[in-house]
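Can you read through this structure? Questions will come right after.
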Amino acid sequence: MNKPLVAVVGRPNVGKSTFFNKVVGRRISIVEDTPGVTRDRIYAEAEWSGIHFALIDTGGIEPASKDVILSQMREQAETAMATADVILFMTDGREGVTASDREVASMLMKTGRKVILAVNKIDNQKLPDDFYDFYELGLGEPIPVSAANMLNLGDLLDRIVESFPQGAGETEEDDIKIAMIGKPNVGKSSLINKLLGENRVIVSPIAGTTRDSIDTPFEWDGEKYLLIDTAGIRRKSKVNEDIERFSVIRAVAAIERCDVCLLMIDAKEGITEQDKKIAGIAHEAGKGIVIVVNKWDLVAKETNTMNHFKKQIAQELTFMSYAPSVFISALTGQRVQQVIGMAKYVAENRALRVPTGQLNNLIVDAMMMKQPPSDKGKRLKIYYVTQAGVKPPLFSFKINARKLMHFSYSRYLENKIREAFGFEGTSLKFVFREKGEKEDD
């Protein structure tokens with residue numbers, strides 16, 4: 001499903017992160033933290049009134065001078081424009097309208113995107129005298145809120161979901177959508193050029209989507225694919241911008257639209273913190289993942305060099321042990337032919353459905369091999385399990401007490417399911433319900 005994207009922009013200390021954390025922290029968010037995922041909390045999947053969307057906190061702008069304020073505000077706003085379906089522009093009701101607010105409002109008006117203006121830090125129903133100055137920004141009716149006190153946040157979220165483009169959140173065509181993700185200069189464009197330049201049928205290049213990426217439909221061995229190129233991640237700037245944050249925001253947009261992510265890693269640099277942040281987002285989004293180690297031709301080879309790198313991947317990306325890896329050179333074409341085949345294989349695994357009878361037989365055998373955990377004389381019981389969904393595979397367990405399902409035992413069951421049925425390249429989602437709970441979470 002292609003979830004709409006909402007970007008939160010504004011000056012430092014206007015309450016962007018407070019709003020973000022309140023939304024994420026009050027069960028509006030459907031994200032569950034996974035041990036081992038290393039990334040900034042700047043992205044979350046959220047739901048309001050039954051509509052699911054992705055929320056991006058674009059972060060504060062740390063000014064050193066007035067010129068830097070405007071320059072960084074422009075950079076942040078442009079990034080939001082390039083990724084979001086709806087932009088939430090947050091201002092400070094205590095400070096009133098500032099010159100920086102006017103600058104970014106002017107830019108936002110020219111984008112054609114839906115912009116919602118929130119005036120934060122309005123802590124009671126009585127509006128300050130200068131509240132009506134915010135109408136001057138030309139962004140429509142400002143919504144007074146207090147993120148800290150949760151005042152009017154429901155009204156704001158109503159306005160956000162009402163503003164999504166028609167069809168946002170609906171399932172798209174059956175083409176396998178592949179997103180190239182990774183930090184700048186890892187070779188995403190080089191790989192795409194190599195893939196499309198060798199005996200491929202390019203259906204029709206489409207330049208310019210609402211995500212600031214280049215989409216290229218093409219065919220490979222009779223199968224239809226869509227390549228989503230996020231190579232425009234790197235932006236040149238005279239100010240010291242937060243490149244990592246911007247590249248992660250761009251990656252979120254591509255990840256939300258795809259079936260399989262090709263997570264590209266620079267073989268010379270190894271796995272960096274930014275790689276882990278982007279990997280964590282793809283994992284939590286439930287996308288298929290292939291780890292593509294590029295520039296392998298530049299690595300000095302010794303005995304077991306590739307195995308040593310695979311061990312590094314396993315150590316650094318512990319939460320993604322299911323993801324296959326391929327070592328390539330986009331420059332020379334080494335193993336490039338394997339990449340699309342692996343993406344197709346992972347997409348098929350992500351859509352795999354296991355018969356309920358086989359699944360329950362496996363779980364019974366697994367419990368006999370390793371007894372479920374217990375606490376104060378009460379032992380975990382698993383009554384039955386069903387596969388409730390695909391893309392990603394979702395398994396629903398009926399159990400006696402959720403608190404008895406330790407993470408280690410859940411991981412044990414996941415490993416047993418993978419051993420029996422595969423699912424290489426895709427995360428598995430587990431839902432644990434106690435007796436009497438409804439099945440429609």
Side-chain angles (χ1 to χ4, degrees), residues 2-12 14-20 22-24 28 42-46 48 51-61 69-93 97-98 100-120 134-145 147 152-153 155-169 208-213 232 235 241-242 245-257:
N2 179 18
K3 288 189 289 292
L5 297 177
V6 179
V8 187
V9 304
R11 293 182 291 108
V14 297
K16 297 184 301 298
S17 294
T18 302
F19 167 77
F20 182 88
K22 288 291 185 182
V23 170
V24 172
I28 301 169
I42 67 168
Y43 159 85
E45 296 180 32
W48 184 254
I51 299 174
H52 295 258
F53 59 96
L55 185 66
I56 304 169
D57 177 6
T58 59
I61 304 156
I69 290 177
L70 299 182
S71 182
Q72 291 192 340
M73 177 72 80
R74 186 176 299 109
E75 198 71 47
Q76 174 180 315
E78 286 177 353
T79 302
M81 295 172 204
T83 58
D85 293 294
V86 173
I87 299 171
L88 175 60
F89 179 29
M90 187 160 285
T91 58
D92 188 330
V97 179
T98 68
S100 296
D101 291 334
R102 292 189 176 92
E103 171 80 9
V104 74
S106 176
M107 295 172 58
L108 293 174
M109 287 175 64
K110 300 172 184 177
T111 65
R113 300 297 179 89
K114 177 63 180 179
V115 181
I116 296 173
L117 174 61
V119 182
N120 193 28
F134 286 94
Y135 280 91
E136 299 173 7
L137 295 178
L139 297 174
E141 181 181 2
I143 302 177
V145 299
N152 286 347
L153 283 198
D155 292 344
L156 179 56
L157 288 165
D158 284 343
R159 179 82 68 86
I160 288 172
V161 298
E162 289 168 1
S163 301
F164 291 149
Q166 187 173 7
T209 70
T210 57
R211 315 287 187 186
D212 192 35
S213 60
R235 301 183 62 87
E241 66 186 17
D242 187 350
R245 181 177 291 270
F246 291 144
S247 64
V248 169
I249 291 171
R250 293 283 180 89
V252 167
I255 288 167
E256 287 299 336
R257 301 174 56 214

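Please read all numbers here as calculations on a predicted model, not as lab measurements.
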- prompt: Among all residues two or more places apart in sequence or in another chain, which pass the salt bridge (Lys or Arg N to Asp or Glu O under 4.0 Å) test with E162?
  reply: none
query: side-chain contact (heavy atoms from CB on, under 4.5 Å) between L137 and F89: does it pass, once the steps are laid out?
result: CA-CA 11 Å; L137 295 178; F89 179 29; 4.2 Å; yes
Nearest-0.5 Å distance, CG of residue L157 to CZ of residue R159: 12.0 Å
message: Using a 3.5 Å distance criterion without hydrogens, assess whether the side chain of T91 forms a donor-acceptor pair with backbone atoms of N120.
response: no
query: From R257 CZ over to L5 CG, what is the distance, rounded to the nearest 0.5 angstrom?
result: 9.5 Å
query: So which heavy atom on I87 is nearest to which on R113, and how close?
result: CD1-CB, 4.3 Å
- prompt: Closest heavy-atom contact between L88 and A118?
  reply: CD1-CB, 3.8 Å
- prompt: Where is the tightest heavy-atom contact between I116 and S163, given as atom of each residue plus distance?
  reply: CD1-OG, 3.7 Å
- request: Under the side chain to side chain donor-acceptor pair (under 3.5 Å) rule, collect the residues that match up with D158, sequence neighbours excluded.
  value: W48
message: Contact between M109 and L139 at the side-chain level, heavy atoms closer than 4.5 Å - yes or no?
response: yes
message: For S106, give me all partners under side chain to side chain donor-acceptor pair (under 3.5 Å), at least two apart in sequence or on another chain.
response: none
message: Does any part of the side chain of V6, heavy atoms only, come nearer than 4.5 Å to the side chain of F164, both counted from C-beta?
response: yes
message: On a heavy-atom basis, which atom in V119 and which in P142 lie closest, and how many Å separate them?
response: CG2-CB, 3.7 Å
task: With rounding to the nearest 0.5 Å, note down the distance linking CD1 in I160 to CD1 in I51.
output: 11.5 Å
- request: Not counting sequence neighbours, which residues clear side chain to side chain donor-acceptor pair (under 3.5 Å) with N152? List them please.
  value: none
statement: Scanning both residues in full, the closest heavy-atom pair of E256 with A54 reads OE2-CB, 4.0 Å
message: Quick check: do R102 and V97 have side-chain heavy atoms less than 4.5 Å from each other?
response: yes
- prompt: Taking K16 for the side chain and G10 for the main chain, is one N or O donor matched with an acceptor at less than 3.5 Å?
  reply: yes
- prompt: Considering only heavy atoms from C-beta outward, does the side chain of F19 approach that of V145 to under 4.5 Å?
  reply: no
